[in-house]
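Below is one structure, written out as structure tokens, with a few remarks after it.
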Amino acid sequence: MSSASSTPPWNVHRLSHADGSVFLVTGGNAGIGYFVAEQLSATGATVVLGSRNPAKAEDATASIRARVAGARVRAVRLGLADLSSLRSVVESLGVECLDAVVHNAGVALDDPPRRETRDGHELMFGTNHLGHFALTWWLMPLLSAAPAARVVTVGSFAAKSERLDLDDLQSRKGYQPKRTYGRSKLAQMHFGIELDRRLRAAGSTVASVVVHPGGALDSLTPSAITAAASRSTEAVSHLARARGPLRSARPPVRPPGTAITSCGRRGAGAAS
């Protein structure tokens with residue numbers, strides 16, 4: 001659409017058709033990512049689930065096919081903690097262009113000790129931020145080949161009270177898992193907004209948006225909380241919070257530096 005005025009009202013229950021489009025959802029096998037993938041599948045688009053666990057990815061694709069008639073859904077093995085593997089993952093997509101990538105996957109550790117990726121990065125920072133950063137680099141030719149592609153970064157409440165320590169991005173000093181997770185998400189959100197600024201400056205047709213899904217029970221929720229919730233409540237929570245990423249994958253025109261929440265649009269500073 002050429003303007004927001006010509007765009008029909010967005011409705012999570014009636015997403016516009018996207019036949020011929022291709023979407024990649026990292027961590028699409030569970031939680032918010034699963035419901036994003038399921039609902040995007042209902043638009044007629046091809047949806048690729050990026051997952052580091054082939055068995056869970058297979059279960060997720062089977063579930064989507066059972067719930068969405070004619071769903072075009074498949075999975076690729078995606079280990080964001082292994083930066084050297086990401087180029088081959090992108091090549092394995094086997095597509096000429098990509099209409100959107102939803103950066104949803106993440107690692108959250110509840111307790112010490114500090115862990116590292118095979119590249120020597122702190123696990124949460126290396127996976128949640130650096131993994132998506134590198135994946136975006138390899139995906140950019142495919143995104144640029146689409147008419148108006150989107151890079152959608154899923155933020156977190158955990159970033160609200162954190163500040164990046166540029167002298168200790170790897171959290172080697174006084175390691176605290178919750179603080180490190182919050183900083184990894186904050187780094188992701190800074191990246192998403194800065195990427196959009198640079199894309200605009202370069203005159204690119206690709207846009208980058210940061211979304212805030214709100215609170216949801218998922219595989220990253222501390223076990224004590226998850227155990228107290230029923231499966232039906234969990235499903236409703238996921239479905240409601242998937243709206244932010246869904247809205248961002250195919251949104252109307254948005255102002256620079258904007259983050260989209262599950263309730264609407266807010267300034268970037270308010271969406272941490």
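Ring pair Phe191/His129 is perpendicular by interplanar angle, where above 60° counts as perpendicular and below 30° as parallel.
When the shell of 6.0 Å around CZ of Arg172 is examined, it contains more than 12 heavy atoms from other residues, nucleotides or ligands. The neighbour count for Tyr175 OH, taken as heavy atoms of other residues, nucleotides or ligands under 6.0 Å away, is above 12. Counted within 6.0 Å of CD on Glu58, heavy atoms from surrounding residues, nucleotides or ligands total 12 or fewer; the atom is thus considered open.
At distances below 3.5 Å, not a single donor-acceptor pair connects side-chain atoms of Lys178 with backbone N or O atoms of Leu109. In this structure, the side chain of Arg65 does not engage the main chain of Ala60 through any donor-acceptor pair within 3.5 Å. In this structure, Asp99 contributes its side chain and Phe23 its backbone to no donor-acceptor pair below 3.5 Å. Of the possible polar contacts, none joining the Arg77 side chain to the Asn53 backbone as a donor-acceptor pair under 3.5 Å is found. Panel note: side chain Arg72, backbone Ser41; no donor-acceptor pair is recorded below 3.5 Å. Remark: side-chain polar atoms of Thr43 are paired, donor with acceptor, to backbone N or O of Leu40 under 3.5 angstrom.
With salt bridges taken as basic N to acidic carboxylate O contacts below 4.0 Å, one links Asp82 and Arg118.
Separation of atoms CG (Asn29) and OG (Ser63) is listed at 11.5 Å; rounding is to 0.5 Å. The line from CG of Leu130 to CG of Asp119 is 9.0 Å long, rounded to the nearest 0.5 Å. Distance CG/Leu199 to OG1/Thr205: 9.0 Å, rounded to 0.5 Å.
Side-chain contact check for Val209 versus Val151: every heavy-atom pair is 4.5 Å or farther apart. Between His103 and Val152, every side-chain heavy-atom pair lies at or beyond the 4.5 Å cut-off. The closest side-chain heavy-atom distance from Asn104 to Val36 is not below 4.5 Å. Contact check for Val206 versus Arg150: no side-chain heavy atoms found under the 4.5 Å cut-off. Side chains of Lys185 and Thr180 form no contact here, defined as non-hydrogen atoms less than 4.5 Å apart.
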**Asked** Going through the distances and angles, do Glu122 and Arg114 end up as a salt bridge (Lys or Arg N to Asp or Glu O under 4.0 Å)?
**Response** CA-CA 7 Å; Glu122 188 283 321; Arg114 179 181 175 278; 5.8 Å; no

**Prompt:** Which is it for Tyr34 and Ile64 under the side chain to side chain contact (heavy atoms under 4.5 Å, CB included) test, yes or no, and what are the steps along the way?
**Reply:** CA-CA 9 Å; Tyr34 170 82; Ile64 291 174; 3.5 Å; yes

**Request:** Might you work through the side chain to side chain donor-acceptor pair (under 3.5 Å) test for His132 and Thr153, ending with a clear yes or no?
**Result:** CA-CA 9 Å; His132 283 117; Thr153 298; over 6 Å; no

**Request:** I would like to know whether His190 and Glu194 meet side chain to side chain contact (heavy atoms under 4.5 Å, CB included); could you show each step before the answer?
**Result:** CA-CA 6 Å; His190 278 307; Glu194 176 61 15; 6.0 Å; no

**Evaluation steps, side chain to side chain contact (heavy atoms under 4.5 Å, CB included), between Leu135 and Leu80** = CA-CA 8 Å; Leu135 179 63; Leu80 291 167; 4.1 Å; yes

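Between the side chains of Asn128 and Ser184, a donor-acceptor pair is found at a separation under 3.5 Å.
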